[in-house]
Amino acid sequence: STLLDEAGVSPSARWVIAEGADAAAMSRSIPLTKAMDDALVCLYQNGERVRPSNGYPVRLLVPGFEGNMNVKWLRRLKLTTGPAMTKDETSRYTILLKDEKAWQFVFPMEVKSMITRPAPGITLKGPGFYEISGLAWSGNGIIRQVDVSADGGRSWAPAALQGPILPKAPVRFRAPWQWNGGPAVLQSRATDDTGMVQPTRAAFAAERGLRGQFHYNAIASWHIDEKGEASNVYA
């Protein structure tokens, strides 16, 4: 907002077109109201200049919005009266529905969680007590609750949230688990303060089909076998 105020904003402007300097000229249309709210033009991260892999010398950061809108190697901001309909936001970053229609310009990351331990690549050392932990987030607000299941969603137990719990920011969750050494299916389900609950894969598919990989926020399932090895399964 500071940058736009200094440059001057036309009264007719409603959108900001952010253009990257990468070979694909990755560009996104962003509502002007969002740009004037909490969007950042970033030159530094963690006390040093933004690294080349993260978009040096300048990167856009749009809190809560899907990751591809945080345009790297930012070279231009252009204010317009309407969205630009750029190739990426029309061919990729739309929500495809089962009836072949699409929702365009759906920006916030929907509520989601993911168990990071146990997870594929981490082998349990035999029956006993373990901690299930992971991350939850929502682009619409604050994570209010995370539940975990060790039986593929047949039963759920609340997990503890580790603070600070901030809007549009990842939150770590933890829950105790006594593994009996037999097969198990681990899941996590997040709820944000708008009341949105992370959907099952079946519920997600019923509404949108299974082609919406760019906005996929359904519950993920890790299968634990008798050897303690985890793998991704559909449950």
Side-chain angles (χ1 to χ4, degrees), residues 4 12-20 22 24-40 55 59-72 74 76-114 135-147 153 167-171 187-221 232 234-235:
L4 294 179
S12 63
R14 295 293 182 272
W15 292 79
V16 177
I17 314 305
E19 181 181 296
D22 54 325
M26 173 65 184
S27 304
R28 289 304 313 263
S29 303
I30 300 166
L32 179 59
T33 52
K34 178 65 173 179
M36 299 297 284
D37 179 19
D38 59 359
L40 298 172
R59 176 178 183 161
L60 185 66
L61 180 63
V62 192
F65 279 17
E66 57 191 40
N68 65 81
M69 300 189 72
N70 301 311
V71 176
K72 296 180 180 180
L74 184 68
R76 183 167 69 150
L77 294 172
K78 180 179 180 180
L79 274 62
T80 62
T81 58
M85 300 290 184
T86 65
K87 64 179 177 63
D88 293 296
E89 63 191 8
T90 54
S91 66
R92 293 175 178 268
Y93 305 121
T94 60
I95 295 180
L96 299 178
L97 304 178
K98 293 183 70 175
D99 61 4
E100 304 299 326
K101 294 183 179 180
W103 291 341
Q104 288 188 291
F105 305 111
V106 180
F107 301 129
M109 290 185 286
E110 296 172 293
V111 64
K112 187 170 183 176
S113 65
M114 181 71 66
L135 294 170
W137 61 92
S138 173
N140 289 309
I142 294 173
I143 292 296
R144 186 180 68 193
Q145 179 179 338
V146 177
D147 299 304
K168 307 172 187 176
V171 176
Q187 296 180 338
S188 63
R189 180 183 65 193
T191 303
D192 66 21
D193 61 349
T194 71
M196 181 177 287
V197 181
Q198 186 178 0
T200 64
R201 184 174 184 271
F204 182 95
E207 179 183 47
R208 305 184 189 178
L210 289 174
R211 298 178 299 159
Q213 69 268 28
F214 292 110
H215 291 265
Y216 188 79
N217 72 317
I219 292 172
S221 303
N232 184 29
Y234 296 134

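In this text the structure is predicted, and so the values were computed from the model without any measurement.
Shortest non-hydrogen contact noted between P31 and F65 is CD-CE2, 4.3 Å. Nearest heavy-atom pair, A35 versus L4, reported as atom, atom and distance to 0.1 Å: CB-CD1, 4.1 Å. In terms of heavy-atom proximity, T81 sits nearest to S12 at CG2-O, 3.4 Å. Taking both residues in full, the closest heavy atoms of A136 and S113 are given as CB-CB, 3.8 Å, listed atom of the first, atom of the second, then distance. Minimum interatomic distance between S221 and N232 (heavy atoms only, all atoms of both residues): O-OD1, 3.2 Å. Scanning all heavy atoms of the two residues, the minimum distance from S188 to M114 falls at OG-N, 3.7 Å.
The main-chain N or O of R28 is never found under 3.5 Å from a side-chain atom of E89 such that the two would form a donor-acceptor pair. Side chain of S29 to main chain of A84: a donor-acceptor pair is present (N/O by atom type, distance under 3.5 Å, no hydrogens or angles). R59 places no side-chain N or O within donor-acceptor distance of the main-chain N or O of V71, the cut-off being under 3.5 Å. Under a 3.5 Å cut-off, the side chain of D22 and the backbone N or O of M26 do form a donor-acceptor pair. The main-chain N or O of T94 is never found under 3.5 Å from a side-chain atom of Q104 such that the two would form a donor-acceptor pair. Listed for the E66 side chain is no donor-acceptor partner under 3.5 Å among the backbone atoms of H215.
Considering only heavy atoms from C-beta on, L74 stays 4.5 Å or farther from E19 through its side chain. A heavy-atom distance below 4.5 Å is found between the side chains of L79 and L32. Looking only at side-chain heavy atoms (C-beta outward), N70 and L60 stay at 4.5 Å or farther from each other. At a threshold of 4.5 Å between non-hydrogen side-chain atoms, the residues N217 and P199 count as touching. Using a 4.5 Å heavy-atom cutoff, the side chains of T194 and V111 are not in contact.
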Is there a ring pair (Phe, Tyr, Trp, His ring centres under 6.0 Å) between W103 and Y93? Walk through the geometry before answering. CA-CA 9 Å; W103 291 341; Y93 305 121; over 10 Å; no

Residues T80, R14; criterion side-chain contact (heavy atoms from CB on, under 4.5 Å); working and verdict: CA-CA 6 Å; T80 62; R14 295 293 182 272; over 6 Å; no

Evaluate salt bridge (charged side-chain N to carboxylate O under 4.0 Å, His left out) for E110 paired with R208, printing each intermediate quantity in order. CA-CA 14 Å; E110 296 172 293; R208 305 184 189 178; 2.8 Å; yes

Step-by-step side chain to side chain donor-acceptor pair (under 3.5 Å) determination, T191 to Q198: CA-CA 6 Å; T191 303; Q198 186 178 0; over 6 Å; no

List the steps and the verdict of side-chain contact (heavy atoms from CB on, under 4.5 Å) for N68 and D88. CA-CA 9 Å; N68 65 81; D88 293 296; over 6 Å; no

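No side-chain N or O of S27 forms a donor-acceptor pair with one of T86 less than 3.5 Å apart.
Evaluation of the salt bridge (charged side-chain N to carboxylate O under 4.0 Å, His left out) test over residues 30-39, restricted to residues two or more places apart or in two chains, returns K34-D38, D38-K168.
For R201, there are no salt bridge (Lys or Arg N to Asp or Glu O under 4.0 Å) partners two or more places apart in sequence or in a different chain.
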Would you mind writing out the side-chain donor-acceptor pairs for residues 137-146 within the sub-3.5 Å range, not counting sequence neighbours?
| unit_1 | atom_1 | unit_2 | atom_2 | d |
| --- | --- | --- | --- | --- |
| S138 | OG | N140 | N | 3.2 |
| S138 | OG | D192 | OD2 | 2.8 |
| Q145 | NE2 | D147 | OD1 | 2.9 |
| Q145 | NE2 | D147 | OD2 | 3.0 |

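The 12-atom threshold is exceeded at NZ of K87, counting heavy atoms of other residues, nucleotides or ligands nearer than 6.0 Å.
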